[in-house]
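This report concerns only the one structure given below.
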Amino acid sequence: IIDILKRALKKETAAFNYYIKKGKDSSIPEITSLFSQLAEEERKHRYFLTGEIERLDSLLQGSSDKDFLRKDSVKYQIPDSIDFKTIKSTNKVDIAAVSLPTELLGGDYLDTVILNRRSKEPALGILLFDVMGHGIEASELKSKMREHVGKFLESSRDSSSGRDVSNPALLISHINLNLFEECRRAGRFITALYSVIDTQGMRMEYTSAGHNPPILIRGDSVLYDPDATDLLIGAEREIGYSTESHSLDEGDVIVIFSDGITETYSRGEEMFGEEGLIRSVRESRNLSSREIIKRLFDSLRIHVG
């Protein structure tokens, strides 16, 4: 793994140098700016890869394979500077996201997709999933999950395929059917949440496969049903996944999260929990999505001391 990462680091460095050179060679400001932005993306990739190489190398130097995969050794620091994830959105949805992977081979996967519809405003699809466990098998399942989601999205553009990407239950059911055997062989499951936000119809629909449902905050009221979820992906081959639906008002705050944040412990072994998450977001609900996340991280720091 380290060897592969080092080769990737060399390629990122070559790309970085290429963009820097092309930016300097161009006399058109817009082109220079574009290459500069591309170079900075490569710089971020290099920073990440270098950190992973150093971390894996130090773990291998001082630990046995068994120690390397101990669950209680998987942890991360709350960053001082928040690196927001680059994701797509529609004009009417102010969205911000942070993903802090616990390790290179594990961690949640988050992505959004713009759902263009005939004679309607685009809707926003949000997918969050997590393969249970860590290591090579979890990484392979994560890769296959992304592959099947990509194929579903691609085929949905053909109206005759019957694959409607704006139907959360349909997408989750398709993934479960295609990954059931893989999950069984690996002895692992996948938790997933697929949510569609329709700002024209002012509705949110979602399907949860063992994942925490979204939290909807409207003024001082909170709508959250932790039981509104179906079986995990890979638990049964034929599952009739259901779709939950909620009306939306302008100014509503939707919180989509994974257990990494709620299971943050204080020194007194007290969990941050859904209560801490809801309390923090309610207090900053009138701010922008990025500011809400920044305030949430402040609450986490206070909680862990």
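Just so we're clear, the structure is a prediction, and the values are computed from it rather than from any experiment.
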Trace of the side-chain contact (heavy atoms from CB on, under 4.5 Å) decision for Ile233 with Tyr241: CA-CA 10 Å; Ile233 290 174; Tyr241 282 102; 4.1 Å; yes
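- The closest side-chain donor-acceptor pair between Asp230 and Thr207, if any, does not fall under 3.5 angstrom.
- Around NZ of Lys120, the count of heavy atoms belonging to other residues, nucleotides or ligands within 6.0 Å does not exceed 12.
- Here the side chains of Lys92 and Gln200 are not in contact, with every heavy-atom distance at 4.5 Å or above.
- No continuous path of ILVMFWY side-chain contacts below 4.5 Å connects Val281 to Ile254, so the two sit in separate hydrophobic clusters.
- The heavy-atom pair separating Ser166 from Glu205 by the smallest distance is O-OE1, 4.2 Å.
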Salt bridge (Lys or Arg N to Asp or Glu O under 4.0 Å) assessment of Glu147 paired with Lys151: CA-CA 6 Å; Glu147 178 186 340; Lys151 287 180 177 178; 3.1 Å; yes
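- Residues Ile126 and Leu110 meet the side-chain proximity criterion, which asks for heavy atoms closer than 4.5 Å.
- Once rounded to the nearest 0.5 Å, the distance linking OG of Ser280 with CD1 of Ile261 reads 8.0 Å.
- Of the inter-residue distances, the one linking Glu269 atom CD with Arg267 atom CZ reads 12.0 Å to the nearest 0.5 angstrom.
- Side-chain heavy atoms closer than 4.5 Å link hydrophobic residues (I, L, V, M, F, W, Y) into clusters, and following such links, even through other members, never connects Tyr206 to Val113.
- A heavy-atom distance below 4.5 Å is not found between the side chains of Thr90 and Glu121.
- Side-chain contact between Ile95 and Ile197 is absent, with no heavy atoms from C-beta onward closer than 4.5 Å.
- Applying the ring-ring contact (aromatic ring centres under 6.0 Å, His included) criterion to His174, with sequence neighbours excluded, gives Phe152.
- Grouping the Ile, Leu, Val, Met, Phe, Trp and Tyr side chains by contacts below 4.5 angstrom, directly or via other members, places Leu115 apart from Met204.
- Nearest heavy atoms, Arg46 versus Glu12: CG-CB, 3.7 Å.
- For Arg203, the CZ atom is densely surrounded, since the number of other residues' heavy atoms within 6.0 Å is greater than 12.
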Verdict with supporting geometry, Glu181 and Arg237, salt bridge (Lys or Arg N to Asp or Glu O under 4.0 Å): CA-CA 8 Å; Glu181 291 297 337; Arg237 186 192 297 275; 2.4 Å; yes
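- A 4.5 Å side-chain heavy-atom check between Val98 and Phe297 finds at least one atom pair inside the cut-off.
- The minimum heavy-atom distance linking Pro122 with Thr199 is given by the pair O-OG1, 4.3 Å.
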Test log, rule side-chain contact (heavy atoms from CB on, under 4.5 Å), inputs Arg290 and Asp94: CA-CA 9 Å; Arg290 288 196 170 209; Asp94 169 27; 5.9 Å; no
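- In terms of heavy atoms, Lys88 sits closest to Leu124 at O-CD1, 3.7 Å.
- Rounding to the nearest 0.5 Å places OG1 of Thr13 at 12.5 Å from NE2 of His45.
- Contact check for Leu141 versus Phe129: no side-chain heavy atoms found under the 4.5 Å cut-off.
- Two different hydrophobic clusters hold Val93 and Val165 under the rule that ILVMFWY side chains link at heavy-atom gaps under 4.5 Å.
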Arg7/Asp3 under salt bridge (Lys or Arg N to Asp or Glu O under 4.0 Å): CA gap, chis, key distance, verdict: CA-CA 6 Å; Arg7 278 183 277 158; Asp3 182 56; 3.1 Å; yes
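- Using a 4.5 Å heavy-atom threshold, the side chains of Thr243 and Asn167 count as touching.
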side-chain contact (heavy atoms from CB on, under 4.5 Å) evaluation trace for Ser284 with Glu291: CA-CA 8 Å; Ser284 56; Glu291 284 301 318; over 6 Å; no
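- Each of Ile172, Leu179, Asn178 was evaluated against Ile175; a single residue qualifies, Leu179, per the side-chain contact (heavy atoms from CB on, under 4.5 Å) test.
- Side chain of Arg285 to backbone of Gly219: a donor-acceptor contact under 3.5 angstrom is found.
- To the nearest 0.5 Å, atoms CG (Asn176) and CE (Met145) are separated by 9.5 Å.
- The main-chain N or O of Glu40 is never found under 3.5 Å from a side-chain atom of Arg43 such that the two would form a donor-acceptor pair.
- Between Asp111 and Arg146 no salt bridge is recorded (no basic side-chain N to carboxylate O distance below 4.0 Å).
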Side-chain donor-acceptor distances from residues 208-218 under 3.5 Å, at least two apart:
{"unit_1": "Ser208", "atom_1": "OG", "unit_2": "His211", "atom_2": "N", "d": "3.1"}
{"unit_1": "Ser208", "atom_1": "OG", "unit_2": "His211", "atom_2": "O", "d": "2.5"}
{"unit_1": "Ser208", "atom_1": "OG", "unit_2": "Thr229", "atom_2": "OG1", "d": "2.6"}
{"unit_1": "His211", "atom_1": "ND1", "unit_2": "Thr191", "atom_2": "OG1", "d": "3.4"}
{"unit_1": "His211", "atom_1": "NE2", "unit_2": "Phe257", "atom_2": "O", "d": "2.9"}
{"unit_1": "Arg218", "atom_1": "NE", "unit_2": "Asp249", "atom_2": "OD2", "d": "3.4"}
{"unit_1": "Arg218", "atom_1": "NE", "unit_2": "Asp252", "atom_2": "OD1", "d": "2.9"}
{"unit_1": "Arg218", "atom_1": "NE", "unit_2": "Asp252", "atom_2": "OD2", "d": "3.1"}
{"unit_1": "Arg218", "atom_1": "NH2", "unit_2": "Ser247", "atom_2": "O", "d": "2.9"}
{"unit_1": "Arg218", "atom_1": "NH2", "unit_2": "Asp252", "atom_2": "OD2", "d": "2.7"}

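- More than 12 heavy atoms of other residues, nucleotides or ligands sit less than 6.0 Å from atom CZ of Phe84.
- Atom CD1 of Ile82 and atom CD1 of Ile293 lie 7.0 Å apart (nearest 0.5 Å).
- Applying the side chain to side chain donor-acceptor pair (under 3.5 Å) definition to pairs two or more places apart or across chains, those involving residues 16-26 are Lys21-Asp25.
- Atoms OG1 and CG, from Thr262 and Leu300 in turn, are 10.0 Å apart once rounded to the nearest 0.5 Å.
- The shortest heavy-atom contact between Ile87 and Ala97 is CD1-CB, 3.6 Å.
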